[in-house]
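What follows is a set of notes on a single structure, which appears directly below.
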Amino acid sequence: MKEYRTITQIAGPLVFVEKTEPIGYAELVNIVLADGTIKRGQVLDTSDEIVVVQVFETTAGIGRDSGVRFTGETIKMPVGREMLGRILSGGGKPIDGGPEIVPEKRLDITGAAINPYARHPPEEFIQTGISTIDGMNTLVRGQKLPIFSGAGLPHNDIALQIARQSKVLGAKESFAVVFAAMGITKEEANHFMADFERTGALERAVVFLNLADDPAVERIITPRLALTTAEYLAFTLGMHVLVILTDMTNYCEALRQIGAAREEVPGRRGYPGYMYTDLASIYERAGVIHGMSGSITQFPILTMPGDDITHPIPDLTGYITEGQIVISRELHRKGIYPPINVLPSLSRLMNLGIGEKHTREDHKKVSDQLYAAYAEGNDLRGLVAIVGKDALSERDRMFLEFADLFEDRFVRQGKDENRAITQTLDLGWELLATLPVEQLVRIDRGLIEKYHPKFRGQRQAGAAQPQSVKG
Amino acid sequence: MKEEKKTVSKAGVLRRISGPVVTAVGLEAHMYDLVKVGREELMGEVIKIKGEDVIIQVYEDTAGIRPGEPVVNTSLPLAVELGPGLMKSIYDGIQRPLSVLVDRMGNFIERGVSAPGLDRTARWDFKPLVKKGDRVSAGSIIGEVPETRSIVHRIMVPPNVKGGVVKEIREGKFTVEEVVCTLEDGTALTMMHKWPVRVPRPYQEKLNPDIPLLTGQRILDGLFPIAKGGTAAIPGPFGSGKTVTQQQLAKWSDAKIVVYIGCGERGNEMTEVLTEFPNLLDPTTGNPLMERTTLIANTSNMPVAAREASVYTGITIAEYFRDMGYDVSLMADSTSRWAEAMREISSRLEEMPGEEGYPAYLAARLSEFYERAGRVRTLNGQHGSVSVIGAVSPPGGDFSEPVTQNTLRIVKVFWALDAKLSQRRHFPAINWLNSYSLYLDILNDWYAANVSPEWNTLRAWMMEVLQKEAELQEIVQLVGSDALPEEQQITIEIARMIREIFLQQNAYDKVDTYCDMTKQYDMVKAIRKFSDLAYAAQAAGVLPQQVMAVKAKSELPQIKFIKDYRPELARIMDSMEKEFNALRAGIS
């Protein structure tokens with residue numbers, strides 16, 4: 001392989017090489033330092049005169065005397081069944097002291113788009129055991145549902161609880177977790193690893209770790225390596241893969257850093273104009289394909305800078321993903337775990353995975369009614385702050401109390417509390433029963449008579465009272 | 001010094017590759033020529049010529065392409081194939097059928113595969129409508145093909161063919177490439193022709209948009225109607241139900257043909273459309289909705305240049321069906337992704353950016369696109385229309401951003417989706433205070449003649465109550481509802497009924513998902529009746545609490561979910577009157 005010593009410029013993570021033979025766009029590049037160290041990069045721009053290489057590691061040590069080798073192929077990831085249980089660096093090298101991975105296949109990390117015609121609509125209900133998710137923002141297999149959080153909120157605990165408890169009702173299939181950490185602290189990483197080890201999840205997991213002190217540019221490829229692995233596990237080996245990507249904010253910062261180094265025209269808040277397309281090339285790698293047994297479900301986690309949901313990172317993410325789970329600082333301050341605010345949260349695929357065939361016939365209506373009642377109660381809190389509770393009408397007072405009750409009973413649950421969907425729905429009914437029946441305008445008569453505790457008692461005497469199970 | 005002679009030809013070589021934008025030299029090219037890039041012959045389009053550099057946007061992934069690879073100019077513009085086979089088809093942004101791509105390259109979209117838009121092997125039943133010796137001209141209908149159970153495909157003389165006297169015309173089963181008709185001057189016509197996507201198809205004249213496009217959605221038909229051939233924008237922050245609204249429109253609007261463009265949107269969402277449409281029955285014909293639909297799906301992770309083209313591909317297909325004399329509704333979800341594709345290409349071209357990095361020609365491109373909508377008299381004298389409904393996804397829900405603003409300057413109807421409403425599960429989450437329709441005046445006559453002479457007054461009444469409620473709510477926020485005068489408490493209650501009964505509509509309910517004008521009229525009339533009785537009772541001394549407790553009021557919402565609602569409605573209205581009479585009797 002030919003080695004060039006024609007570096008003309010080094011700026012941030014970019015290296016400019018001159019007078020090369022024709023070099024392919026997006027090719028993998030090795031840069032050889034004087035001491036023999038090899039750094040990897042990728043071609044960002046190629047022409048007769050100059051080739052721009054983006055280096056995935058720090059450019060420290062690279063000089064005009066360094067050698068540049070173009071490998072003639074795009075970045076490939078060696079993948080195999082053996083990867084389960086392994087811990088890899090953000091660049092895909094084993095860092096758990098184990099042997100190198102013997103690849104069964106080498107796959108291009110950019111991945112091709114799934115033909116929309118080949119996709120199977122996601123419709124299998126995943127029970128996470130968390131009421132606010134199962135009941136009101138239902139997750140289905142093949143969905144990408146991000147967690148929008150803020151600094152200092154327990155998003156990691158929630159992600160872990162989901163990874164631990166998620167299951168498809170009545171199914172026993174091979175299941176794997178791919179975990180990609182981008183720029184998180186060693187401490188956070190340890191937290192995840194300890195939990196994986198405690199619950200034995202590690203042997204079903206592939207972990208990619210790019211820590212806070214690892215090169216920022218490496219973060220550009222970490223999620224792609226993780227998703228390439230996930231695609232192999234899902235669509236070649238037929239596993240159901242849950243991919244956790246944390247923290248996407250760090251990924252976007254890295255993207256901005258490269259954009260700035262290339263002196264590109266910046267878009268909103270300095271993020272590159274192509275960030276939507278770039279994020280889509282990550283998030284869209286989730287789904288179910290016709291005639292294939294595996295699936296990829298994504299849980300990206302991002303921290304909203306300044307808790308601002310209109311910031312470009314959560315904003316563009318929300319336009320690509322199928323909903324979002326929003327963590328609320330206010331609920332967290334009230335000491336409620338998991339502090340999921342159901343009002344701005346949403347699962348777009350919910351309707352595909354609920355109802356008679358998947359969960360229970362009353363699911364949609366109960367969920368709508370809970371939303372409406374909680375939203376109304378929550379709005380009234382603002383009013384109470386101004387006029388005081390006494391000025392409220394009887395009706396308003398009931399909704400206000402409902403909001404408190406909802407947060408305390410429905411939202412709050414233990415870190416290891418795994419509620420079945422029927423428990424969640426029954427709990428919903430129990431709370432709705434505190435409101436007069438005629439206020440339940442979103443539920444039709446038939447369902448009220450069948451499920452409302454008041455009527456249930458009349459119809460089938462001695463029916464067990466719904467209760468949440470702690471444990 | 002050696003003087004090298006520069007030559008240009010149909011074949012040049014690549015000089016630079018930067019993502020989807022590549023530069024070729026030595027290529028004879030004109031703007032928007034279609035070119036084949038590299039050894040794998042990727043599809044591309046010339047978008048800039050600068051000295052001897054020809055700059056090309058490539059519709060497929062360019063990884064691995066090197067400088068020095070060949071570029072060949074086809075010297076044709078990007079065009080779509082128009083003919084039988086469009087209905088029921090699902091295309092990517094450059095009219096490659098996605099089903100064919102699955103057969104050719106599996107579940108993932110690889111590159112370098114070309115596939116014609118129309119099936120070359122399918123044979124269609126062609127029935128001539130002209131005979132030997134007839135004179136035909138551009139746009140004339142020469143025959144028809146029963147394309148699906150719902151649609152008769154009218155075969156026309158292409159608009160760019162002069163026409164002449166028919167020398168021979170054949171009846172029978174033909175493929176789209178076989179000649180079905182020959183003219184005296186030797187012109188051979190097939191069932192298919194090509195049309196460049198960036199050129200609007202010609203028509204005789206634009207007509208006044210004075211017929212509403214009925215959608216079965218109460219807030220749209222009732223308060224903010226769009227005309228056939230009109231333009232509408234649905235801007236909404238994510239999660240406000242934009243996509244559901246678009247899909248409802250596609251399912252239920254009374255256009256004959258639906259063209260749905262998924263432009264840079266979610267793969268799973270497109271799949272939902274792809275699986276749902278074939279199973280949905282068209283309320284007018286009882287056949288699957290897909291039989292009158294063409295879908296264009298270019299998801300967010302498919303190549304960005306093809307996303308830019310997808311909108312043009314869609315509108316050209318829509319215009320083609322318009323020319324047959326059909327009403328077509330075109331949904332573009334979302335035009336923001338299209339604008340972003342323009343921005344991305346523009347920034348790769350290192351053009352001077354306008355507002356927020358969008359190219360300076362953003363406004364011009366948007367208005368050119370929406371201007372292709374309209375109700376027209378076609379070249380063959382029929383009336384056809386293309387209604388364009390564009391979704392906009394403003395970043396952060398901020399309507400002041402360039403795409404929303406430039407769109408609003410052009411479109412006549414604005415359906416403002418509101419995240420707050422959707423959080424309260426008020427669907428469709430269209431804000432009744434911010435939305436508007438500029439077609440109201442022009443459509444009044446139609447409503448008066450076809451629904452009821454009363455309708456326009458009732459609509460104005462609803463808007464007035466809602467407007468008044470908004471003002472009263474400001475006071476309630478400060479002092480609580482009990483502090484309002486009794487009459488105003490009732491106003492708030494009536495407004496709540498309008499919101500909860502009329503405006504809220506459940507897209508997932510079998511019955512409520514579609515509401516015809518008769519039912520809409522009956523519902524408003526019922527609310528109006530309640531309102532009249534309530535004010536009269538209050539004036540007679542009945543307390544607002546008593547008015548609100550009238551049982552008929554809580555029963556009224558149920559009629560939304562009943563198919564043959566009339567007997568139940570009559571019963572409720574009857575008991576409503578009795579209850580009010582009883583209340584008033586209690587006072588005196």
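Below, read A as the first sequence line, B as the second, and so on, with proteins coming before strands; counting in each chain starts at 1. Everything quoted here is computed from the prediction, not taken from an experiment.
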Residue pair [X] / [Y], side-chain donor-acceptor N/O under 3.5 Å:
X	Y	answer
R66(B)	Y25(A)	no
E344(B)	T277(A)	yes
Q143(A)	N268(B)	no

Legend entry - Ion pair check, R266(B) and E284(A), cut-off under 4.0 Å: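 A salt bridge is absent here (no side-chain N lies under 4.0 Å from a carboxylate O).
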
Legend entry - Carboxylate-amine/guanidinium contact D45(A) R16(B), below 4.0 Å: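 Yes, D45(A) and R16(B) are salt-bridged.
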
Legend entry - N301(B) side chain to I282(A) backbone, donor-acceptor under 3.5 Å: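 No, because the side chain of N301(B) does not come within donor-acceptor range (under 3.5 Å) of the backbone of I282(A).
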
Check each atom of [X] against the heavy atoms of chain A and say whether the ones under 4.5 Å are side chain, backbone, both or neither.
X	value
R343(B)	side chain
R307(B)	side chain
I65(B)	backbone
S99(B)	both

Legend entry - Qualifying residues under side chain to side chain contact (heavy atoms under 4.5 Å, CB included), relative to P266(A), sequence neighbours excluded: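 By the side chain to side chain contact (heavy atoms under 4.5 Å, CB included) rule, P266(A) matches no residue at all.
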
Inset, instruction - First locate atom CZ of F235(A), then atom CG of N107(B), and finally report the distance between them rounded to the nearest 0.5 Å. - result: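 Those atoms lie 8.5 Å apart.
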
Inset, instruction - Pull out the residues in residues 383-390 of chain A that come under 4.5 Å of chain B, heavy atom to heavy atom, sorted by number. - result: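 Residues of residues 383-390 of chain A touching chain B at under 4.5 Å: L383(A), I386(A), V387(A).
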
